Amino acid sequence: MIGTRLAVFAPMPRLGLIVVDEEHDASFKQQEGLRYSARDLALFRAKLRNVPIVLGSATPSLESYAHARAGRYRLLELPQRAAAALPHIRTVDTRHAKSFHGLTPQLIDAVKARMDRREQSLVFVNRRGYAPALVCSACGWASCCPRCSAKLVLHLRDRRLCCHYCGHQARIATACAACGNQDLLPAGQGTQRIEQALREALPGALIVRVDRDSTRGRDAFVKLQSDVRAQRVDVLVGTQMLVKGHDFPRITLVGVLNADATLFSPDFRATERLYAQLTQVAGRAGRAALPGEVLIQTAFPEHPLYAAVCKQDYQSFAGAALRERRDTHFPPYAFQALLRAEAHRREAVDAYLLQAAAAGMAIDAAVEIYDPVAPAIARVAGMERGQLLVQASSRSALQQFLTQWVTQLASRTVRWSLDVDPLDF
């Protein structure tokens with residue numbers, strides 16, 4: 001039986017093997033309602049039924065890799081592709097290249113070379129829309145969602161500003177709401193802007209954009225696959241929905257834009273996710289007899305993460321990342337639970353979390369309770385949000401604490417949830 005994360009609950013009377021493909025993928029964690037990790041449940045079910053389980057990934061989660069290094073899991077390695085050579089990966093230093101709407105001359109020339117050879121290219125930018133924000137060149141005002149603490153994304157073709165969190169839409173402003181300046185500029189690049197830039201740089205090229213906006217129609221993705229295989233496409237511009245599991249034999253070039261943004265994330269898992277994402281998108285190049293090449297545009301070509309990606313050396317990246325996790329006492333060397341709260345008023349959220357923290361400190365347990373904070377997006381759809389992190393050095397200590405703490409978390413004014421082993425902060 002093949003299924004998504006819900007398949008882990010399927011009754012299988014003669015179950016003999018469980019395979020979790022792309023075991024590192026965060027989508028195995030149910031983030032709303034009943035929170036559970038399908039990967040971890042699969043491990044528990046395999047142990048319960050005494051059957052083997054395979055966790056497959058080119059970039060295993062650091063938790064799984066740490067278990068393998070410690071001997072808890074058996075590590076099996078596939079050092080080369082089954083039917084093709086690995087692509088050549090290199091960085092393009094954007095500090096010394098004059099870019100055209102985010103595209104460096106090196107990337108444009110590489111795409112032209114593939115077109116001359118009747119090969120195909122993929123340009124990866126993990127932002128849909130035209131630009132992440134509309135900003136004022138005079139005072140720095142930016143288009144913001146009235147219901148969320150997020151910027152409104154410019155969708156130029158729809159002539160709208162859209163919030164990607166709550167769905168709010170507004171007309172494109174003609175003047176700055178703060179100073180009245182009419183010189184408003186799009187900031188950053190999304191898939192629509194990159195598609196437009198490629199059409200200007202490559203006249204006559206057959207360019208297709210692949211994101212949530214362009215594939216909403218019925219059978220849209222089936223038609224895309226048919227067009228790519230029939231060579232009715234020269235360049236694909238897409239988000240992460242394009243890089244998972246697709247096999248296009250004539251894609252020999254992958255260009256990656258805006259990868260640096262993840263390096264500045266406050267999430268301690270950001271670099272792990274970036275390495276996995278870059279490895280996955282690189283895997284779209286040269287999947288058949290034709291050799292593949294990957295160009296990663298970055299202002300930090302000396303960064304150790306990019307060095308490991310270019311060498312396709314997961315072991316060195318994972319080893320360094322695990323040393324950092326051990327030194328900072330982060331998972332897999334600690335165990336966490338995150339209390340999330342939301343309400344219409346910020347005061348209610350703050351008061352609830354402070355009360356929860358005080359109740360936790362009164363419990364005699366070997367846990368560390370951090371101060372309540374707001375998440376990166378502190379307001380969504382008019383609801384103020386906050387969170388409180390609890391951490392312990394052992395699973396049993398955390399569970400003993402949570403068993404007592406959860407009985408004191410009830411509230412009539414705040415909606416709350418408790419997430420064990422949180423993946424998003």
Side-chain angles (χ1 to χ4, degrees), residues 26-27 29-35 126-136 139-156 158-180 184 186-188 190 192 211-213 216 239 261 264-267 270 337-359 370-390 406 408-420 422-425:
S27 64
K29 180 71 178 287
Q30 171 71 35
Q31 302 283 12
E32 297 178 354
L34 177 64
R35 288 167 171 79
N126 204 23
R127 278 189 178 275
R128 61 190 178 98
Y130 186 84
L134 191 66
V135 300
C136 174
C139 70
W141 169 87
S143 55
C144 294
C145 177
R147 305 178 65 217
C148 306
S149 55
K151 301 291 189 297
L152 289 174
V153 178
L154 175 62
H155 286 249
L156 197 59
D158 299 330
R159 305 299 299 171
R160 307 290 287 178
L161 293 168
C162 303
C163 177
H164 289 179
Y165 289 90
C166 73
H168 174 80
Q169 295 189 9
R171 293 180 180 178
I172 298 177
T174 57
C176 174
C179 70
L184 302 181
Q192 292 180 3
D211 55 26
R212 194 186 306 172
D213 300 318
R216 286 176 179 169
T239 58
F264 298 97
S265 171
D267 191 336
L338 190 68
L339 175 63
R340 294 187 175 94
E342 60 178 30
H344 290 289
R345 295 185 302 110
R346 169 58 55 185
E347 297 80 7
V349 173
D350 293 341
Y352 172 78
L353 291 177
L354 286 171
Q355 182 180 357
Y370 288 85
D371 292 334
V373 296
I377 305 298
R379 186 176 69 257
V380 173
M383 299 292 286
E384 302 290 342
R385 306 195 301 169
Q387 58 192 32
L388 174 66
L389 182 66
V390 177
V406 73
Q408 305 179 50
L409 298 180
S411 173
R412 294 182 178 180
T413 58
V414 171
R415 184 163 60 190
W416 62 276
S417 64
L418 193 59
D419 187 4
V420 179
L423 297 181
D424 295 310
F425 295 88

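Remember, predicted model here, so these are calculated numbers, not experimental data. Quick note: residue numbers are just sequence positions, from 1.
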Once side-chain hydrogen bond (donor to acceptor under 3.5 Å, both in side chains) is applied, do any residues pair with [X], and if so which ones, sequence neighbours excluded?
| X | result |
| --- | --- |
| Ser411 | Thr413 |
| Gln355 | none |
| His164 | His155 |
| Gln408 | none |

Can you list everything that forms a salt bridge (Lys or Arg N to Asp or Glu O under 4.0 Å) with [X]? Sequence neighbours excluded, please.
| X | answer |
| --- | --- |
| Arg340 | Asp419 |
| Arg128 | Asp213 |
| Asp267 | Arg273 |

Check side chain to side chain contact (heavy atoms under 4.5 Å, CB included) between [X] and all other residues, then give those that pass, not counting sequence neighbours.
| X | answer |
| --- | --- |
| Ala357 | Ile369, Leu388 |
| Cys144 | Lys151 |
| Arg159 | Leu156, Ile172 |
| Tyr370 | Glu368, Leu389, Gln391 |

* To do: Check the surroundings of atom CZ in Phe425: do more than 12 heavy atoms from other residues, nucleotides or ligands lie under 6.0 Å from it?
  => yes
* Within 6.0 Å of CZ in Arg35, more than 12 heavy atoms from elsewhere -> yes
Tell me, do [X] and [Y] make a side-chain contact under 4.5 Å, heavy atoms counted?
| X | Y | result |
| --- | --- | --- |
| Cys148 | His168 | no |
| Leu184 | Trp141 | yes |
| Tyr130 | Pro186 | yes |
| Val390 | Leu339 | no |

* What pairs of residues pass the salt bridge (Lys or Arg N to Asp or Glu O under 4.0 Å) test when at least one of them lies in residues 341-358, not counting sequence neighbours? -> Glu342-Arg415, Arg345-Glu347, Arg346-Asp350, Arg346-Glu384
Shortest non-hydrogen contact from [X] to [Y]?
| X | Y | result |
| --- | --- | --- |
| Gly180 | Ala175 | O-CB, 3.7 Å |
| Val414 | Ala348 | CG2-O, 3.7 Å |
| Ala343 | Val349 | N-CG2, 3.5 Å |
| Ala173 | Leu134 | O-CD2, 4.2 Å |
| Ala341 | Tyr352 | CB-CD2, 3.7 Å |
| Cys139 | Cys179 | SG-SG, 3.8 Å |

* To do: Verify side chain to side chain contact (heavy atoms under 4.5 Å, CB included) between Ile377 and Arg385, making sure each step is shown before the conclusion.
  => CA-CA 8 Å; Ile377 305 298; Arg385 306 195 301 169; 3.7 Å; yes
* Nearest-0.5 Å distance, CZ of residue Arg171 to CG of residue Leu161 -> 12.0 Å
* About how many Å separate CG of Leu152 and SG of Cys166, when rounded to the nearest 0.5 Å? -> 8.0 Å
* Where do Met383 and His344 land on the side chain to side chain contact (heavy atoms under 4.5 Å, CB included) test, with the steps shown first? -> CA-CA 5 Å; Met383 299 292 286; His344 290 289; 3.3 Å; yes
* Would you find a donor on one side and an acceptor on the other, under 3.5 Å apart, between the side chain of Thr239 and the backbone of Asp211? -> no
